There are 2 protein chains.
Amino acid sequence: MAKIDIKGLARELNISASTVSRALRDSHEISKATIDKVKALAEKLNYQPHPYAGSLRKNKTKTIGIVVPEVSNNFFAKVFSGIEVVAQENNYHALIYLTHDDYDKEKSILRHLESGRVDGVILSIASNTVDHQHIEALIEAGIQVVFFDRIGESFSSTKITTDDYNSAYKATVHLIEQGCKKPLHITRFLHQTNTKYRKKGFVQACKDYHLPIADNWVLELNDNVVVESTLADILKSKDKPDGIFSAVETLSLYPYKVCKDLGIKMPEQLKFVSFSNMDAASFLVPALTTVTQPAFEIGKAAAASLFQLLEKKKRGVPIIDNIFPSTLIVRESSLK
Amino acid sequence: MAKIDIKGLARELNISASTVSRALRDSHEISKATIDKVKALAEKLNYQPHPYAGSLRKNKTKTIGIVVPEVSNNFFAKVFSGIEVVAQENNYHALIYLTHDDYDKEKSILRHLESGRVDGVILSIASNTVDHQHIEALIEAGIQVVFFDRIGESFSSTKITTDDYNSAYKATVHLIEQGCKKPLHITRFLHQTNTKYRKKGFVQACKDYHLPIADNWVLELNDNVVVESTLADILKSKDKPDGIFSAVETLSLYPYKVCKDLGIKMPEQLKFVSFSNMDAASFLVPALTTVTQPAFEIGKAAAASLFQLLEKKKRGVPIIDNIFPSTLIVRESSLK
DNA sequence: CTTTTTTGCGGAAACGTTTTCGGCTTAAAA
DNA sequence: TTTTAAGCCGAAAACGTTTCCGCAAAAAAG
C-alpha cells in the first residue's frame with residue numbers, strides 16, 4: 001500500500017496540488033463538484049496528511065508538551081487523564097516528559113521544547129528547581145505555558161491550583177476539633193508553592209486555636225530513606241505528637257507502618273490526615289482521612305486554558321488564576 | 001530574541017547552509033576549524049534545530065507513540081515510567097494516547113498514527129477490541145509496533161508479557177495449600193490474552209489438585225456497577241467460595257468492601273490473592289497477597305525492543321517474545 | 001611536472017504541506 | 001457592447017532541514 005500524498009491525489013484527478021489542498025479544507029474558492037471528487041478519492045485511498053509538513057508550513061503543531069515530575073502517582077496520573085481527554089477532544093497531541101523531580105532534566109526538557117515541537121506546555125515544576133530562567137526562556141521563545149499545582153508564582157501565565165492554604169487550615173482544624181493538642185505537620189520541599197501554603201494553613205490554624213506551636217511541629221522530610229526512622233524517633237519521644245497532618249500523598253503510608261511497628265493505636269493515640277488521591281484510602285485500617293484534590297478537573301482545566309490561549313479566536317481575557325477547592329474526606333484515621 | 005535557524009548561522013559566518021548543517025553534525029567533510037566556528041556561534045545564539053523540518057526531510061521522527069487503555073492505574077503508570085526513562089536516554093520523544101478501553105478510540109488513534117507522526121508504537125490493546133485490522137494497517141504503513149501485556153497473538157511483532165499462566169497457577173496453588181477447597185477466580189475481559197492465560201493457570205491448578213471445578217468458579221466481572229452486588233450474592237450463597245483469586249488489580253479492593261459489609265473474616269473465612277501493583281497493598285488489613293508484575297521493567301524492555309527495531313544498526317534477530325516473571329508476594333490476606 | 005586523489009565546501013533539490021499571487025472563464029452590471 | 005465582478009483554479013514560493021552532485025584547490029602519487 002503505497003503512501004498517498006497530495007501530489008498523488010492531484011495527479012490522479014488531473015488537477016493541481018493547491019486545489020487538492022484547498023478542497024480538503026473546504027475552501028470556498030473550490031467548486032462543490034471538485035471538493036466532492038477530491039474528498040471521495042482521499043477517502044478511497046485512505047489519504048492521511050503528513051502532520052509535520054503542515055506544521056512546518058503553518059508554524060502550528062497542534063501538539064502540547066506535558067512536563068511533570070512523575071506519573072506513578074495518583075495525583076499526576078489523574079491530572080494527566082484530564083489533560084488527555086480535553087486534548088483528544090480538541091484534536092491535540094500530547095508529548096509527555098517526566099522530570100523525575102530533577103532540575104537539570106527539567107531544564108534540558110524545556111530547552112528542547114523551545115524549538116517549535118509544541119505550541120504550548122503544561123508544567124508542574126520539579127521539587128528541587130529554584131531558579132526559573134529556563135521557564136522564562138521557554139515563554140520568551142513564544143511557547144504558551146500553563147502551570148498547575150507546583151506553580152511559578154512570579155509568572156503572569158495561567159496557574160491552576162487547589163486552595164492549599166484553606167484546605168490545610170481546615171484539615172488542621174479538624175484534627176484539633178478531634179482533640180489533638182500537639183499536631184505534627186509532615187511535608188516535603190517547602191520552597192514549592194503548594195507545600196508552602198499548606199504549611200501556612202497549618203500554622204495559622206494552630207495559632208487561631210491557641211496551640212503553642214513550636215518549630216518541631218513542622219517536619220520537612222525530603223529523603224525517603226530516613227522518613228521511617230525520623231518518624232519513629234519522634235513518636236517515641238516524650239512530648240510526642242497526638243496527630244499528624246501530611247501535606248503530600250507520598251508520606252501517607254509511613255505513619256501506618258511506624259504505628260504498627262511501635263504499637264501505637266491509630267486513631268486513639270495518634271490521629272492522621274493526609275493530602276492524597278489514593279484509591280485505597282478507605283480500605284486502609286483505619287481508613288485514611290484525606291484532603292483530596294480534584295485532580296481530573298485540574299487536568300481538564302489546565303488543558304482547556306492552554307487551548308484557549310492557543311486558539312486566540314475566543315475573546316475575553318483568559319482566566320489567570322484558577323483555584324479548585326479540595327475536599328476533606330473524613331474517615332476513621334482522624335476520629336476521636 | 002529572534003529565532004535563529006541554519007540560514008541565519010550561515011549568513012552570519014559567510015558560509016553556506018549545507019556547510020552549517022554538516023558542521024553541526026560533525027561531518028568529516030568539514031574542516032575542524034569550520035566545525036568549531038559553527039558550533040561556537042550556534043552555542044552563542046542558542047540555536048535549536050527545528051525538529052519537524054528534519055523529520056520531514058529524513059523521514060525519521062525520533063518520536064514514538066504510546067497507546068494504552070489508561071494511566072491512572074499502577075501497572076500502566078509504572079510501565080510508562082519505564083518507557084519514558086529509556087526514551088529519554090535514547091533522545092526519543094513520546095506521544096501518549098489513552099484509549100480508555102474503547103475500541104473505536106483505539107482505531108482512530110492508530111489510524112492517525114499511520115501518517116508519519118511517529119516511528120513506532122508501543123501498544124497495549126483496549127479491553128473491548130476484538131478485530132485487529134487497525135493494527136495490521138498500522139504495521140502495513142511501516143510503523144513498528146511492540147505489544148505489552150495485552151498483546152495481539154497473531155502478530156509477528158515483539159511482545160512483552162509476564163508469565164500469566166504460571167503466575168496464576170502458582171497463586172492458585174498457594175490458595176489451595178492454604179486450605180482453600182472452593183476458590184473463586186474473578187477476572188475481566190476474558191478474550192484478552194493476559195486474562196485468558198491467567199484463567200487457564202487457575203483452572204489447571206484446580207484440576208491438578210483434584211478440585212472439582214465448576215463453571216461458577218470463574219467469574220467475569222466487566223461492569224463496575226454490579227461487581228459489589230454480584231460478589232455479595234456469591235458470598236452469601238450456601239456453597240460460597242473460601243478463597244478468591246483476582247486476575248486484575250481493578251478488582252482487588254471489592255472483596256475487602258464486601259467482606260466488611262457482610263462480616264466475613266479475611267483470611268479466616270475467605271482467603272484472597274490478587275494481581276496488583278498497588279503501593280498500598282501491604283497497608284490494607286489484612287495486607288493483600290499479590291501477584292505483582294515487574295511493570296517498570298516491562299516498560300523499559302518494550303522501549304528498548306522498539307528502539308532496537310528502529311535503529312537497525314544492531315544486528316541479530318530482535319527478541320520476539322519477552323516474558324518477564326511476576327512474583328507472588330505472600331501477605332496476610334491469604335494465610336491460614 | 002603532470003595526473004590522480006583527497007579535502008572542503010557551495011548550489012540546488014527534496015521532504016509534503018499551505019498560501020500568495022495571478023490568470024482565465026463566465027456571468028452580471030453598466 | 002463594454003466593464004466589473006465573481007468563481008474557480010494553477011504555478012510557484014515558502015516552512016527549515018538534509019543530501020545529492022559537482023567543483024576548486026591542495027595534497028599525494030606517479
Side-chain angles (χ1 to χ4, degrees), chain A residues 2-39 41-42 45-63 91 112-119 141-142, chain B residues 2-39 41-42 45-63 91 93 112 114-119 141-142:
Chain A
K3 290 242 178 79
I4 190 77
D5 62 3
I6 280 197
K7 288 179 194 161
L9 292 177
R11 210 177 312 118
E12 202 79 15
L13 292 169
N14 271 319
I15 59 181
S16 79
S18 35
T19 301
V20 174
S21 172
R22 279 184 274 239
L24 290 171
R25 322 184 78 230
D26 281 313
S27 165
H28 58 277
E29 298 187 72
I30 306 297
S31 73
K32 177 93 170 51
T34 313
I35 290 183
D36 290 345
K37 252 187 356 194
V38 171
K39 286 194 172 177
L41 187 67
L45 298 184
N46 190 29
Y47 167 72
Q48 295 278 108
H50 190 113
Y52 297 155
S55 290
L56 188 57
R57 178 62 232 246
K58 289 187 297 187
N59 199 25
K60 277 273 174 193
T61 67
K62 275 281 194 177
T63 109
N91 293 312
H112 189 101
L113 291 180
E114 292 176 19
S115 57
R117 190 181 289 272
V118 297
D119 295 336
Chain B
K3 291 241 178 79
I4 190 78
D5 61 5
I6 281 196
K7 287 180 195 162
L9 293 178
R11 211 178 312 118
E12 202 79 17
L13 293 169
N14 272 320
I15 58 181
S16 80
S18 34
T19 301
V20 173
S21 172
R22 278 184 274 240
L24 290 171
R25 322 184 78 231
D26 280 313
S27 165
H28 57 278
E29 301 185 68
I30 305 298
S31 72
K32 178 92 171 53
T34 314
I35 289 182
D36 290 344
K37 251 187 355 192
V38 170
K39 285 194 173 177
L41 187 65
L45 299 183
N46 189 29
Y47 167 73
Q48 295 279 108
H50 189 114
Y52 296 156
S55 291
L56 187 57
R57 176 63 232 244
K58 289 187 297 186
N59 199 26
K60 277 274 175 194
T61 67
K62 275 284 195 174
T63 108
N91 293 312
H93 299 257
H112 189 101
E114 293 175 19
S115 57
R117 189 180 290 274
V118 297
D119 295 335

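All chains are named by letter (A, B, ...) in the order of the sequence lines, taking the proteins before the strands, and each is independently numbered beginning at 1. The model shown is predicted, which means the values in this text are computed figures rather than measured ones.
- Here the P atom of nucleotide C:dT20 and the CD atom of A:Glu29 are 10 Å apart, to the nearest Å.
- The salt bridge (Lys or Arg N to Asp or Glu O under 4.0 Å) pairs that include a residue from residues 22-36 of chain A are A:Asp26-A:Lys39, A:Lys32-A:Asp36, where partners are two or more places apart or lie in different chains.
- Counting non-hydrogen atoms under 4.0 angstrom, B:Ser55 reaches nothing in the nucleic acid.
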* **Summary of protein contacts for nucleotides 13-19 of chain C, nucleotide by nucleotide, where a base hit scores B, a sugar-phosphate-only hit scores S (4.0 Å, heavy atoms)** => BBBBBBB
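- A donor-acceptor pair under 3.5 Å is formed between the side chain of B:Thr61 and the backbone N or O of B:Asp119.
- Between B:Tyr52 and A:Tyr52, the two ring planes are parallel [angle under 30°; tilted spans 30° to 60°].
- The nearest whole Å value for the distance from the CG atom in B:Leu9 to the P atom in C:dG10 is 13 Å.
- Judged by distance alone, the side chain of B:Ser115 and the main-chain N or O of A:His50 form no donor-acceptor pair under 3.5 Å.
- The CG atom of B:Leu45 lies 4.5 Å from the CG atom of B:Leu41; values are rounded to the nearest 0.5 Å.
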